[in-house]
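Quick note: residue numbers are just sequence positions, from 1.
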Amino acid sequence: MQHPEISLEAEMERQAAMYLEREFHKHEKIKMSKGKFKDSIMGLVVPQPEEFRGKLNSPVAVFGQIPIKDQCERAGIDYFLGGLNVNDWPDDPQNYQTPNALYLAWTDEGARNMDRKVKDVRRELAPDERGGTQFDGVALYIVKPNVLQTRFLDLPRTTVGPVLAAFLDLWGGRPRLDCSRVGDAGPRFGSLVCGRQK
């Protein structure tokens, strides 16, 4: 039987390669050698929290310090949120703020909340869960580009003005980061949920 830490290590190696391919290590907020960059991602390898098992099983390395527009450019995602009022969801009961750093997000890849309104998903999050942000969604697409073939992603943790939330989908065959009303439930959309660690 394979230990989770071993498979997580292999997954982080795979993700580091995906980010290196898109030259994230050269971004002005990072500026690292390939080796040091890979080491920083490998430094995220810790055992999966027990409370996440069975519901938040997909680990994703996320770069909170690189502007999202730059990440979209490197990932080939069309960015439609320029000039809009984009923030972390201000009504989060535990006041989560996206770290301005590299971090590991344990996600459900949007699979558990299909065809549901973002406002309902937000209300029903467990204490050890938070909505996925635009950073989490873009990172998931970078390391698992086929995710959008399975489902599109609502990103409940990223607000756009008072009544909109960010989403990631395919439009004309191209990935795009855009927004829609939190009271709408689009077909094929699942709200990305991530683990919240104390």
For E73, is the CD atom crowded, meaning more than 12 foreign heavy atoms sit under 6.0 Å from it?
no

How close do A166 and V160 get, counting heavy atoms only, and between which atoms?
N-CG2, 4.2 Å

Shared hydrophobic cluster, L164 / V182 (ILVMFWY, side-chain heavy atoms < 4.5 Å)
no

Measure up the F52 and W106 rings against each other and bin them: parallel (under 30°), tilted (30 to 60°), perpendicular (over 60°).
tilted

If you round to the nearest 0.5 Å, how far is NZ of K119 from CG of D91?
13.5 Å

Residues, nucleotides or ligands: over 12 heavy atoms within 6.0 Å of R14 CZ
yes

Can I get a per-line list of side-chain donor-acceptor pairs under 3.5 Å for residues 35-47, giving both atom names and the distance, sequence neighbours left out?
unit_1	atom_1	unit_2	atom_2	d
S40	OG	F37	O	2.6

L153 versus Y141: any side-chain heavy-atom pair under 4.5 Å?
no

Would you name the heavy atoms of H25 and K34 that are closest together and state the gap between them?
NE2-CG, 3.6 Å

Taking salt bridge (Lys or Arg N to Asp or Glu O under 4.0 Å) as the criterion, tell me which of R196, R123, R112, R122 meets it with E129.
R112

Would you say that Y19 contacts R74 through its side chain, given a criterion of any heavy-atom pair below 4.5 Å between the two side chains?
no

Is L125 reachable from M114 through a run of hydrophobic residues whose side-chain heavy atoms are each under 4.5 Å from the next?
no

Against R151, only a single residue in D154, V147, L148 fulfils side chain to side chain contact (heavy atoms under 4.5 Å, CB included); can you say which?
V147

So, using salt bridge (Lys or Arg N to Asp or Glu O under 4.0 Å) as the criterion, who are the partners of D178 when residues are at least two apart?
R176

Shared hydrophobic cluster, F80 / L155 (ILVMFWY, side-chain heavy atoms < 4.5 Å):
no

Sub-6.0 Å ring centroid separation between F135 and Y103:
no

Looking at OH of Y79 and CD of Q134, how far apart are the two atoms once the value is rounded to the nearest 0.5 Å?
6.0 Å

For the pair D92 and R157, find out whether any cationic side-chain nitrogen is under 4.0 Å from an anionic carboxylate oxygen.
yes

Heavy-atom closest pair, residues L192 and P156
O-CD, 3.5 Å

D88 vs R130, salt bridge (charged side-chain N to carboxylate O under 4.0 Å, His left out): CA-CA, chis, key distance, verdict
CA-CA 11 Å; D88 278 325; R130 63 172 178 82; over 6 Å; no

Could you measure the distance from the CG atom of L177 to the OG1 atom of T158? Nearest 0.5 Å is fine.
8.0 Å

